[in-house]
Amino acid sequence: MDSAQFHEAVYNVVRQIPQQHVTSYGHVAKLVGMPRHARHVGQALKFLMPGVQPPIPWHRVLAASGVISSRGPETDGAQRQREALEAEGVEVIDGRTGEMRVDLRRWGWFPPVGSIDTGVDAEAADNDGENHSQQEREDED
DNA sequence: ACTGTGACGTGCT
DNA sequence: AAGCACGCCACAG
C-alpha cells in the first residue's frame, strides 16, 4: 500500500461515515488496515480536503478523545469543523480551555475492521511486527 | 543520517 | 477532565 492507495482507502472509508456520526483518525487507520497510521489519516484528509469531487465528510473524523484537533492558533479549521458538525445536528461541547469536543458514546461510529469496503486491497496493508497468520479465528465469543 | 514536526493514540498522574 | 510522557510513522530540512 503506497500513499496513493492509502489516500484512496481513507477517502472511501470517510465517505461512508453516516450523518450525525463521527469516528476517530485511529479507527479510520484500522479500517484501512494500517492501525499505527492515525497521524497519516489526518495528513491524507488535509491532502484530500480541497476540491475533491464528491466532497467527503472530513468533519466527521476527530481525535479518539473526542476533541476536535486544533490546526494551529492562526487557523480556523477546527471552527469550520465544529460548524459542519452542528449543521448536521451533532452536539459540540465547549471545554474550559477552549477545546471543542464531541461525546463519542453518543455520536461515535466504530464499525468492526473488515466490515467496511475500502476499495483497496487490504492484503497489501501494514503487516510488520505483530502479524497474525492468515488463519485468525474470529469465531469465538 | 539526524532532528523536528504533525487534523494521533494510550497509559499514568 | 486535563496534562504530560512516550510511542508511532512518513516527510521536510
Side-chain angles (χ1 to χ4, degrees), chain A residues 1-138 140-141:
Chain A
M1 154 127 25
D2 49 15
S3 70
Q5 304 233 6
F6 180 74
H7 287 172
E8 182 180 346
V10 169
Y11 179 103
N12 288 326
V13 168
V14 172
R15 197 165 43 156
Q16 295 176 62
I17 304 173
Q19 288 188 7
Q20 297 195 338
H21 287 272
V22 296
T23 193
S24 70
Y25 299 100
H27 196 74
V28 173
K30 290 177 187 173
L31 292 177
V32 303
M34 303 192 74
R36 304 292 185 256
H37 293 64
R39 313 186 82 135
H40 304 290
V41 172
Q43 180 185 326
L45 260 47
K46 175 176 57 180
F47 179 78
L48 292 173
M49 223 239 285
V52 281
Q53 262 337 85
I56 68 175
W58 56 270
H59 55 277
R60 296 181 190 146
V61 185
L62 33 93
S65 59
V67 172
I68 298 177
S69 309
S70 61
R71 274 70 136 184
E74 301 302 307
T75 61
D76 63 337
Q79 184 61 34
R80 289 193 296 127
Q81 182 167 7
R82 186 224 183 108
E83 292 169 2
L85 286 170
E86 290 181 330
E88 65 179 46
V90 175
E91 182 182 10
V92 180
I93 305 166
D94 287 296
R96 300 198 238 175
T97 54
E99 84 282 15
M100 302 175 275
R101 82 190 321 129
V102 174
D103 188 349
L104 297 182
R105 294 169 306 180
R106 180 174 178 185
W107 309 102
W109 180 78
F110 300 95
V113 178
S115 64
I116 299 300
D117 176 29
T118 69
V120 174
D121 183 11
E123 303 308 307
D126 182 38
N127 279 334
D128 67 314
E130 76 262 32
N131 50 42
H132 346 203
S133 40
Q134 297 86 339
Q135 24 181 274
E136 311 210 347
R137 37 195 93 285
E138 64 282 354
E140 79 286 338
D141 186 51

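Numbered from 1 within each chain, the chains take letters A, B, ... in sequence-line order.
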>> The side chain of A:Ser24 is closest to which nucleotide in this list: B:dG9, C:dA2, B:dA7?
In response: B:dG9
>> Tell me which one of A:Glu86, A:His59, A:Arg71 satisfies side-chain hydrogen bond (donor to acceptor under 3.5 Å, both in side chains) with A:Gln81.
In response: A:Arg71
>> Does any part of the side chain of A:Val14, heavy atoms only, come nearer than 4.5 Å to the side chain of A:Val41, both counted from C-beta?
In response: no
> Which value, in whole Å, describes the distance between the C1' atoms of nucleotides C:dG13 and B:dA7?
Replying inline: 22 Å
> Counting N and O atoms only, with roles assigned by atom type, does the side chain of A:Glu99 sit under 3.5 Å from a partner on the main chain of A:Ile68, one being a donor and the other an acceptor?
Replying inline: no
> Where the side chain of A:Lys30 is concerned, which of B:dA7, B:dC8, B:dT10 is the nearest nucleotide?
Replying inline: B:dT10
>> Need to verify one output field. Residue with the more 5' nearest nucleotide on DNA chain B, A:His40 or A:Leu62?
In response: A:His40
> Counting side-chain heavy atoms from CB outward, which of C:dA2, C:dC11, B:dG6 is closest to A:Ser3?
Replying inline: C:dC11
>> Please determine whether a side-chain nitrogen or oxygen atom of A:Ser65 lies at a distance below 4.0 Å from atom OP1 or OP2 of B:dG9.
In response: no
>> Would the distance check show the side chain of A:Gln19 and the main-chain N or O of A:Gly89 forming a donor-acceptor pair, the cut-off being under 3.5 Å?
In response: no
>> Suppose you measure atom P in C:dC8 against the same atom in B:dC12; what distance do you get, rounded to whole Å?
In response: 16 Å
> Where the side chain of A:Thr97 is defined as all heavy atoms beyond and including C-beta, which of B:dT10, C:dG3, B:dG6 is the nearest nucleotide?
Replying inline: C:dG3
>> Side chain of A:Ala38 only, heavy atoms from C-beta on: which candidate in C:dC8, B:dG9, B:dA7 is closest?
In response: B:dG9
>> It should be established whether A:Ser69 places a side-chain nitrogen or oxygen under 4.0 Å from OP1 or OP2 of nucleotide B:dC8.
In response: yes
> Can you find an N or O donor on one side and an acceptor on the other, under 3.5 Å apart, linking the side chain of A:Arg36 with the base of C:dC8?
Replying inline: no
> A:Arg71 has a side chain; which of B:dG6, B:dA7, B:dG9 sits nearest to it?
Replying inline: B:dA7
>> Tell me whether the side-chain N/O atoms of A:Arg101 come closer than 4.0 Å to OP1 or OP2 in C:dA2.
In response: yes
>> So if I take every side-chain heavy atom of A:His37 and compare against C:dC9, B:dG6, B:dA7, which nucleotide ends up nearest?
In response: C:dC9
